[in-house]
Amino acid sequence: MLKTVHAGALRLENVGQTVTLAGWVNKRRDMGGVIFIDLRDRDGKTQVVVDSGRNPTAFSIAEQIRTEYVIQVTGVVSPRPQGQQNPNLPTGDIEVLADQVEILATAKTPPFLIDREEAVDESLRLKYRYLDLRRERLQRNLIVRHKAIKFIRDFLDERGFLEIETPILFKSTPEGARDYLVPSRVHPGKFYALPQSPQQLKQLLMVAGIERYFQIARCFRDEDLRADRQPEFTQLDMEISFVERDDILDLIEALIVGMIQAVSLVPLASTQFPRLSYREATERYGTDRPDIRFGLELQEITDLVANSAFRVFAENAAANKPTKAICIPGCGDYSRKQLTDLEEFARANGAKALAWLAIHPENGEIRGPIAKFFTVDQLIALTERLQANPGDLILISSDEKAIVHNVLSSLRMEMARRLGYAQKKELAFCWVVDFPLFEEGEEEGHLAPSHHMFTAPKREHIPLLDSDPHAVLSEQYDLVCNGFEVAGGSIRIHERELQNKIMQMIGFSVETAKEQFGHMLEAFEYGAPPHGGIAPGIDRIVALMCGEPNIREVMAFPKTAQATDLMADAPSEVVQRQLDDLHIAVKS
RNA sequence: GGGGGCGUGGUGUAGCGGUUAACACGUCGGCCUGUCAAGCCGAAGAUCGCGGGUUCGAUCCCCGUCGCUCCCGCCA
């Protein structure tokens, strides 16, 4: 090795030792007769002192050194002179007196400062990702990611899980996200698909008798990106045989709690994860992925406004359309402009209008365009239901349930951001269970699964499949943290007949089902154990544990929102010969 | 596919219908033997993303376009 110690390792007890360090020049400070070099490697920083009186050769080399040069230094560990210690560095009590300095590589001045937390234009960071990765923030994040994955492997290994790799080149299926396709050279006109997840394969591993499987699995989905979505991402893919829902929930809860306590930079809000039904989550928070770090819950007030003189509410109540409200503490002094902005925001999220009532902080008087339509008793009942206090602002939406939920959920998050509730540095997990098996509404004349077609309906709801399919609840469960879906899974269907039936309900003919999923259906004829699984999103969880706002910050080489790689310039054109090999003609 | 934000020396920002385009950091040179966000002196460095339009005059206003980003749709 070109070094004997790492740059973060040396302490007072190493004084007197001769050591060799190698790494990057974080900073050079030239005092004339003595040059200080902060030598950085992955492990930390050490101050190297090059004294013209101690070694003139080393000194003349040190004079040529610039930021980000790669150097090797041999010297003696010394205590720093009294008063010269640097309490900001773990190695701040010592320094290395250089006897030998060698430049291993020179470096151009980097396009941005490595040693500064300063925000840099994202495209520049992505183009020079290898330099961005030198910076403390990303190094720290990659370390957290590594530790998280190691924790997962150890945890699951101790519990009898086998880590098994599944193919990256697999079969395209019509359901779900758009596939990334790989053309076959050997079979003209045919394509592999990169897996959106190893869903089918892990179920087949259960049929194979593996019983407890996991994989740190790369998944690919050709859909538009978001802060929490990249075209390729990593899931902890798991599947277990002979389990029931709560076995999986308990296992994952223990895994997540242990992992966060071991590696997270952001603390856990609670070691108990509340379990909400889908219905409860949507009624209370307006969404199936609630941020439960704060309240601001939706309150049903349809009954209180049904008989009011405000016609919109009364008519909606008669038409079975709900009226719901959220109470925002301390915003009762919002100006007309602020309220107009909020209404604008509500409209952008699907509202036709936004009603509001503001309670005066001192005299408790209720102001707002709709206030005059309510009797005093009605207003009292309303404020009691909402536990509203003087100085609060009440926001009200009345419409189709889905719209009301969407509007108030968006407002809830917006107000939480404004009030700082959504910036709280803690991780608040909850489970959402008892999802409907099918999504509301029908597309192209058939039902659509709300999770995927292998999710089992609740056993007691199977009779409803024919009579009232939308009333059927499933064995699906999601793990949610701070408003992000961080894991999703289900108990699967393991009976061929039921699987057949579900496939046909979601629009597969017998022939298509056989063509697309024949291997699954056939496998289920050879003794499939009851099984279920889950797939936590590693990128999202690590981003949350690092307090990062997007998953790019926890991936070594992420893509832009346009799904490009600015460093390597991918995707790129290929030569005609390659296209010919693949029997591909590109449309102009 | 749609909507919002951003784009000014290498970096981060300021600015404004007419400026010598400002500041900080960085870079380069000089001085300095105890600095660690070193200090002091000096210097270089900007077709104001690109194209078009309005105007006597555009970095600034308008349109288009490109790039980055956030959101909606989409993501079984």
Side-chain angles (χ1 to χ4, degrees), chain A residues 26-40 45-54 59 66-68 78 80-89 91-92 95 97 108-128 131 173-179 196-197 199-200 219-231 233 344-345 347-350 406 410 413-414 417 435 437-439 443 447-455 474 476 485 488 490 502-503 506-508 516-517 535 537 549-550 552 558-562 564 566:
Chain A
N26 196 59
K27 190 74 196 174
R28 186 186 74 122
R29 289 178 296 279
D30 185 345
M31 315 304 296
V34 63
I35 295 172
F36 296 97
I37 294 169
D38 291 336
L39 188 149
R40 181 193 75 235
K45 293 178 213 163
T46 299
Q47 172 162 286
V48 172
V49 185
V50 191
D51 192 316
S52 54
R54 183 181 174 94
F59 187 79
R66 294 293 178 271
T67 303
E68 297 307 315
S78 307
R80 292 202 188 185
Q82 191 60 36
Q84 300 296 328
Q85 293 88 351
N86 184 344
N88 301 320
L89 278 184
T91 59
E95 58 194 8
L97 305 182
K108 295 206 286 188
T109 303
F112 48 81
L113 292 172
I114 305 300
D115 187 39
R116 192 74 66 85
E117 278 294 306
E118 184 174 65
V120 176
D121 183 70
E122 185 95 22
S123 54
L124 199 68
R125 292 180 59 200
L126 290 169
K127 180 176 177 187
Y128 295 98
L131 296 179
T173 53
E175 284 284 308
R178 215 172 278 117
D179 283 321
Q196 297 175 27
S197 81
Q199 182 61 37
Q200 296 180 39
C219 305
F220 307 84
R221 293 178 193 175
D222 187 3
E223 297 291 349
D224 288 334
L225 286 77
R226 288 284 189 281
D228 62 349
R229 278 169 26 193
Q230 283 270 313
F233 59 99
E344 187 80 12
F345 180 88
R347 283 181 201 277
N349 285 283
N406 195 40
S410 304
M413 289 308 299
E414 172 66 16
R417 267 188 290 274
F435 282 77
L437 184 64
F438 300 110
E439 278 179 359
E443 53 180 63
L447 298 158
S450 73
H451 185 46
H452 57 53
M453 69 180 87
F454 308 112
T455 297
S474 76
Q476 181 195 342
E485 182 193 325
S490 62
I502 299 290
M503 282 183 178
I506 63 179
F508 285 92
Q516 300 293 339
F517 300 104
N550 69 65
R552 292 188 302 279
K559 290 179 179 57
T560 69
Q562 307 306 316
T564 63
L566 294 180

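Chain naming here is simple, since letters A, B, ... match the order of the sequence lines and numbering starts at 1 in each.
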K.L.:
State whether the distance check finds a donor on one side and an acceptor on the other, under 3.5 Å, for side chain A:Asp121 versus base B:G12.
P.N.:
no
K.L.:
Could you identify the nucleotide paired to B:G7, looking across every strand shown and requiring Watson-Crick or G-U wobble geometry with both distances under 3.5 Å?
P.N.:
B:C66
K.L.:
With a non-hydrogen cut-off below 4.0 angstrom, is A:Ile35 in contact with a base, only sugar-phosphate, or nothing?
P.N.:
nothing
K.L.:
Closest approach of A:Phe517 and A:Pro174, non-hydrogen atoms and distance?
P.N.:
CZ-CD, 4.4 Å
K.L.:
Do side-chain atoms of A:Gln85 reach the backbone of A:Gly83 as a donor and acceptor pair under 3.5 angstrom?
P.N.:
yes
K.L.:
Could you check whether the side chain of A:Arg552 and the base of B:C68 have a donor-acceptor pair of N or O atoms closer than 3.5 Å, going by distance alone?
P.N.:
no
K.L.:
Under 4.0 angstrom, heavy atoms only, what part of the nucleic acid is A:Ala348 near: base, sugar-phosphate, or nothing?
P.N.:
nothing
K.L.:
Using a heavy-atom cut-off of under 4.0 Å over every strand shown, decide if A:Arg226 touches base, sugar-phosphate, or nothing.
P.N.:
base
K.L.:
Select base, sugar-phosphate, or nothing to describe what A:Thr564 touches, counting heavy atoms under 4.0 Å on all strands.
P.N.:
sugar-phosphate
K.L.:
With both distances kept under 3.5 Å, what pairs with B:C61, Watson-Crick or G-U wobble?
P.N.:
B:G53
K.L.:
Looking across every strand, which nucleic acid part, if any, lies under 4.0 Å from A:Asp115 by heavy atom: base, sugar-phosphate, or nothing?
P.N.:
nothing
K.L.:
Are A:Thr560 and B:C68 close enough that a side-chain N or O sits under 4.0 Å from OP1 or OP2?
P.N.:
yes
K.L.:
Could you please name the option among B:G34, B:G26, B:C70 that lies closest to any side-chain atom of A:Pro81?
P.N.:
B:G34
K.L.:
Which nucleotide wins on minimum distance to the side chain of A:Ser123, given the candidates B:C70, B:C25, B:G67?
P.N.:
B:G67
K.L.:
Under 4.0 angstrom, heavy atoms only, what part of the nucleic acid is A:Lys27 near: base, sugar-phosphate, or nothing?
P.N.:
sugar-phosphate
K.L.:
Base, sugar-phosphate, or nothing: which does A:Gly53 touch, judged by heavy atoms less than 4.0 Å apart?
P.N.:
base
